[in-house]
Amino acid sequence: MNKIKTINDFDFKNQTALIRVDFNVPINELSEITDDTRIQCTIPTIQKIISEKGKIVLISHFGRPKGVPSKIYSLKFLTDYLSKKLKISVNFCENCIGKTVIKKVKKLKNGEILLLENLRFYKEEEKEDENFAYELSKLGDIYINDAFGVVHRSHASITILPKFFGEKKCIGLLMKKEIQYIDQFLSRKNEKPITVILGGAKISSKIEIIETIINFADYILIGGGMSFSFIKKEGGKIGDSIIENNKIIENTLKTIFNKYQNKMKMLHLPKDVIIADSFNNNANTKIVPIHSIPNGWMGLDIGPVSIKTFCKIIEKSKTIFWNGPLGVFEFSNFSLGTRSIAKAIANITGKGAFSLVGGGDSIASLKMENCEKKISYLSTGGGAMLASLKNEILPGIKAIKL
Ligand code: AMP
């Protein structure tokens, strides 16, 4: 196995660390950060380098500007926040590549930080452009990837940029922790029963994982928008509930239902559902069996019977993995299912189970119940955490291996 270096393998004195971070934090209409977990988690990496008298250049993406610079996706608003947090004045550069940024980097003194503009203002970032990565590589002596949230993405700053640093590339402390906890979850040492809970709306980003987890989990609980693809496949009526259709989903569902027929007992879908006559917190509601949702109605939360069944399974689990809400938890009237699951996971963790939770929505629902601190590990990357379960080396980690 090739070795992955961490920041502990380097001495940063007089060195410029080019750190790929994930500062893609949620903000409100006033550009105020509503959850700063992702930034908080990279502070130890930044502080370690500063304490060793190194210089730092921070690079990140923010939102999906698709290669077009705009004020709403600018990272400039983070300079004040970071300066306060780190108690060091953080400078900003409007560009990621070119003469101006090189000049600013050269002026950095030991212990100083420069934050660059959104990487995704350059369409080259998402196209894995070699030349863009080469230009970025001029900005540091040592490359660090501490952006777990995007480590599964094949983007220039993740997969190409490290190539230009020879042996001088490593992962940060956040990435190290994320990998450790995922390894712990995947290790055979974990106590059984193992329960995996999947929810949310984007079935395409999660369904393929089922083929992997079906081989080691004891229970797979599926809720939220995801469940309707399964219910439809079973021949149920889903009314106007959310559904995503494409070839990958169709084929994976076929495989799950055919190849793993003997394992279908471990797959638990909701039995009942709260339906609404419009996508609205104040819509009229009814509780119905999930296989018979009338047209004009949509399932927005799991029902009381399903909550009970799911919680009972969680209560007897020793290892739990959760990604994605069980309903439209942003609407208070459809949040009970997700909040009940959050509480049940926190409770059983308190009794000695190991729990790994990822994805902004699942973490937000734990926070609603004030129980996020009870979870064994909260991952900063939902998609990356799911991708790690496939047991394949993620592109960003592969790029760091020597
Ligand atoms: P994802 O990014 O795939 O984890 O999806 C998260 C989103 O799924 C949240 O914004 C939820 O509101 C949404 N969601 C969960 N359950 C449902 C549902 N039954 N119908 C529509 N949206 C849902």
Side-chain angles (χ1 to χ4, degrees), residues 7 10-63 65 69-122 125 136 138-150 157 161 170-175 177 360 363 367 378 380-381:
I7 57 166
F10 292 91
D11 178 4
F12 286 92
K13 189 167 183 192
N14 298 325
Q15 299 290 301
T16 304
L18 180 61
I19 317 182
R20 176 50 160 113
V21 286
D22 178 3
F23 284 172
N24 189 27
V25 285
I27 55 166
N28 61 19
E29 322 72 56
L30 304 169
S31 283
E32 292 162 343
I33 301 169
T34 50
D35 181 10
D36 66 353
T37 312
R38 282 187 168 158
I39 301 181
Q40 287 276 19
C41 290
T42 52
I43 299 283
T45 297
I46 296 172
Q47 276 174 336
K48 183 165 193 301
I49 293 161
I50 296 296
S51 72
E52 290 180 13
K53 303 210 163 15
K55 307 162 198 181
I56 293 179
V57 177
L58 294 169
I59 49 173
S60 177
H61 70 287
F62 181 58
S70 68
K71 234 178 169 176
I72 51 164
Y73 289 118
S74 172
L75 277 171
K76 193 164 186 195
F77 78 102
L78 277 183
T79 49
D80 282 350
Y81 168 88
L82 285 169
S83 301
K84 270 188 212 137
K85 210 78 289 140
L86 294 159
K87 300 190 180 74
I88 305 169
S89 140
V90 172
N91 298 303
F92 184 75
C93 185
E94 277 84 7
N95 317 93
C96 291
I97 53 171
K99 280 185 192 148
T100 328
V101 60
I102 291 177
K103 231 184 198 170
K104 284 196 174 183
V105 171
K106 278 196 176 141
K107 276 192 186 155
L108 279 176
K109 296 196 184 79
N110 288 349
E112 286 187 344
I113 301 174
L114 179 67
L115 170 69
L116 307 191
E117 187 49 285
N118 192 343
L119 285 165
R120 290 191 188 165
F121 281 1
Y122 299 78
E125 163 67 355
L136 284 173
K138 296 176 181 171
L139 309 178
D141 303 308
I142 301 167
Y143 170 86
I144 301 166
N145 190 339
D146 214 16
F148 180 73
V150 275
S157 65
L161 179 55
C170 62
I171 55 170
L173 299 175
L174 166 64
M175 188 80 93
K177 213 160 138 190
I363 295 174
K367 287 185 175 168
L378 296 178
T380 55

Look only at the side chain of [X] and the backbone of [Y], and say whether a donor-acceptor pair between them is shorter than 3.5 Å.
X      : Y      : result
Tyr143 : Leu161 : no
Lys104 : Phe92  : yes
Gln47  : Leu86  : no
Arg120 : Gly63  : yes
Asp141 : Thr16  : yes

Just checking, is any N or O donor in the side chain of Asp146 or Thr45 under 3.5 Å from an acceptor N or O on the other one? yes
Output, in order, the C-alpha distance, side-chain angles, deciding distance and verdict of side chain to side chain contact (heavy atoms under 4.5 Å, CB included) for Ile39 and Ile33. CA-CA 10 Å; Ile39 301 181; Ile33 301 169; 4.3 Å; yes
Atom pair [atom1] ([X]) and [atom2] ([Y]), whose distance is rounded to the nearest 0.5 Å:
X      : Y      : atom1 : atom2 : result
Glu32  : Leu30  : CD    : CG    : 4.5 Å
Leu115 : Ile56  : CG    : CD1   : 11.5 Å
Asn24  : Leu119 : CG    : CG    : 11.5 Å
Ile144 : Ile59  : CD1   : CD1   : 10.5 Å
Ile102 : Leu139 : CD1   : CG    : 6.0 Å
Leu75  : Cys93  : CG    : SG    : 12.0 Å

Please test Asn14 against Asn110 for side chain to side chain contact (heavy atoms under 4.5 Å, CB included), starting from the C-alpha separation and ending with a verdict. CA-CA 6 Å; Asn14 298 325; Asn110 288 349; 2.7 Å; yes
Does any part of the side chain of [Y], heavy atoms only, come nearer than 4.5 Å to the side chain of [X], both counted from C-beta?
X      : Y     : answer
Leu174 : Pro44 : no
Asp35  : Val25 : no
Ile142 : Ile7  : no

Closest approach of [X] to [Y] (non-hydrogen atoms, all atoms of both residues):
X      : Y      : value
Ala17  : Ile49  : CB-CD1, 4.0 Å
Ile50  : Ile113 : CD1-CG1, 3.8 Å
Ala147 : Val21  : CB-C, 3.5 Å
Ser31  : Phe77  : O-CD1, 3.7 Å

Evaluate side chain to side chain contact (heavy atoms under 4.5 Å, CB included) for Val105 paired with Leu18, printing each intermediate quantity in order. CA-CA 10 Å; Val105 171; Leu18 180 61; over 6 Å; no
Which residue pairs satisfy the salt bridge (charged side-chain N to carboxylate O under 4.0 Å, His left out) criterion with at least one member in residues 37-51, sequence neighbours excluded? Asp22-Arg38, Lys48-Glu52
Residues 78-102 vs side-chain hydrogen bond (donor to acceptor under 3.5 Å, both in side chains), sequence neighbours excluded, gives Asp36-Tyr81
Greater than 12 external heavy atoms within 6.0 Å of Lys367's NZ: yes
Heavy-atom neighbours of Lys107 NZ exceed 12 at 6.0 Å: no
Is any NZ, NE, NH1 or NH2 atom of the basic residue among Glu125 and Arg20 found under 4.0 Å from an Asp or Glu carboxylate oxygen of the other? yes
Indicate the ring-plane relationship of Phe62 and Tyr73, choosing parallel, tilted or perpendicular according to the 30° and 60° boundaries. perpendicular
Apply side chain to side chain contact (heavy atoms under 4.5 Å, CB included) to Ile46 and Leu58, showing your working. CA-CA 9 Å; Ile46 296 172; Leu58 294 169; 4.0 Å; yes
